[in-house]
Participant: 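Sharing a structure here in structure tokens format.
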Amino acid sequence: MYKIFETVDDVSRYTAQRLLDKILAKPAAVLGLATGGTMEPVYAQLVQMLQQQPTDLSRLTTFNLDEYIGLTESHVQSYRYYMDEHLFDKLNLPRERVHLPDGMAEDIDGACLAYSAAIQAAGGLDLQLLGIGSNGHIGFNEPYTRFSSRTHVIALSEQTRRDNGRFFSDQDEVPIHALTLGIQDILEAKEIMLVATGPNKAEVMAELHHSGVDEALPASALKQHDNVTIVLDREAAALLPSAEWRAVQTVQLLAG
Ligand code: PGA
């Protein structure tokens, strides 16, 4: 199902509201969280909503999708740092309830096994938030990752390293490897919300729309899931067929 909004602000408010609704409906929810530029305004909205509506977060559990290998948690580009900065510190979430793959683990394979197992032990993901790479990756599952994958080490594609180079002072500083939740882990979430904004995502969203289920396009795995919402702004939706655009009018009216 598509939800198409006019602006990034609308997208972020809608997505944050869905996260908040989930927490209110199930205070012990297990949330799968994502990083990246797309999620920054989503988390800003969520923090603002939670300030206006104080909510008990003490039973919430979170698992992030991915982490670079080789960046310590004090590195400003590590995803741990990102999450602390944009969400965890602002909400005062108990550290023992928030989880990210450990990109500094000595036993990386053991850490991967333990990460997927910890999600299952927590009861599985109630809601998985996803961004999408310009090459169709979800988490850091690059093209041709097996759809049956669990948490694993991935060599980042050149396209991903280029895309993410904008966050680093030097392109060469972008790590070569990362840890990511597997596609199977993602598909086991009860509900999935994929968010994409801006003109750089228009092509991959059209590709995803027309694609069959194909390991060449990791996000196409989501077509096997029966509870996925794709949340887009006008720019990311620009190359979708016109039938999808009729939905824009409805959503715009609903968004008021
Ligand atoms: P972005 O990243 O939000 O920075 O575009 C999305 C992703 O790579 O999943």
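Ligands are counted one by one from 1 in listed order, and the atoms in each one are counted from 1 as well.
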Participant: Please confirm whether the backbone N or O of Phe147 pairs with a side-chain atom of Glu215, one donor and one acceptor, at under 3.5 Å?
Facilitator: yes
Participant: Answer with yes or no whether the side chains of Gln159 and Asp163 bring together a donor and an acceptor at under 3.5 Å.
Facilitator: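 Side chains of Asp163 and Gln159: no pair found under 3.5 Å.
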Participant: Using the ring centroid of each side chain, check whether His75 and Tyr68 are separated by less than 6.0 Å.
Facilitator: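 When the ring centroids of His75 and Tyr68 are compared, they turn out to be at least 6.0 Å apart.
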Participant: With a 4.0 Å cut-off on N to O distance, would you call Glu73 and Arg95 a salt bridge?
Facilitator: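 Yes, charged N to carboxylate O under 4.0 Å.
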Participant: Please check whether Met39 reaches ligand 1 - meaning an N/O of the residue sits under 3.5 Å from an N/O of the ligand, judged on distance alone.
Facilitator: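 No - when backbone and side-chain N and O of Met39 are compared with those of ligand 1, no distance drops under 3.5 Å.
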Participant: Tell me, please: is Arg166 in heavy-atom contact with ligand 1, that is, under 4.0 Å?
Facilitator: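 Contact present.
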Participant: Looking only at distance, does Thr38 have an N or O less than 3.5 Å from an N or O of ligand 1?
Facilitator: yes
Participant: Mind checking whether Asn164 contacts ligand 1 via backbone (N, CA, C, O), side chain (CB onward), both or neither, at a 4.0 Å heavy-atom cut-off?
Facilitator: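 It is neither part, as no heavy atom is under 4.0 Å.
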Participant: Starting from atom 5 (O) of ligand 1, which protein heavy atom do you reach first, and at what distance in Å?
Facilitator: Lys201 NZ, 2.6 Å
Participant: Which of the atoms in ligand 1, numbered in the order shown and given with their element, are less than 4.0 Å from a heavy-atom of Gly36?
Facilitator: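 Those of ligand 1 that fall under 4.0 Å from Gly36 are 3 (O), 4 (O).
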Participant: Between Asp163, Ile132, Leu130, Asn135, flag the one that comes closest to atom 9 (O) of ligand 1 by a heavy atom.
Facilitator: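 Closest candidate by heavy-atom distance is Ile132.
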Participant: Identify, for atom 8 (O) of ligand 1, the protein heavy atom at the shortest distance, and state residue, atom and that distance.
Facilitator: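 Result for atom 8 (O) of ligand 1: His137 NE2, 2.7 Å.
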Participant: Check this for me, if you would: do Glu188 and Arg150 make a salt bridge, where the nitrogen-to-carboxylate-oxygen distance has to be below 4.0 angstrom?
Facilitator: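 A salt bridge is present here (some side-chain N lies under 4.0 Å from a carboxylate O).
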Participant: Once rounded to the nearest 0.5 Å, what's the spacing between atom OG1 of Thr55 and atom CE of Met49?
Facilitator: 11.0 Å
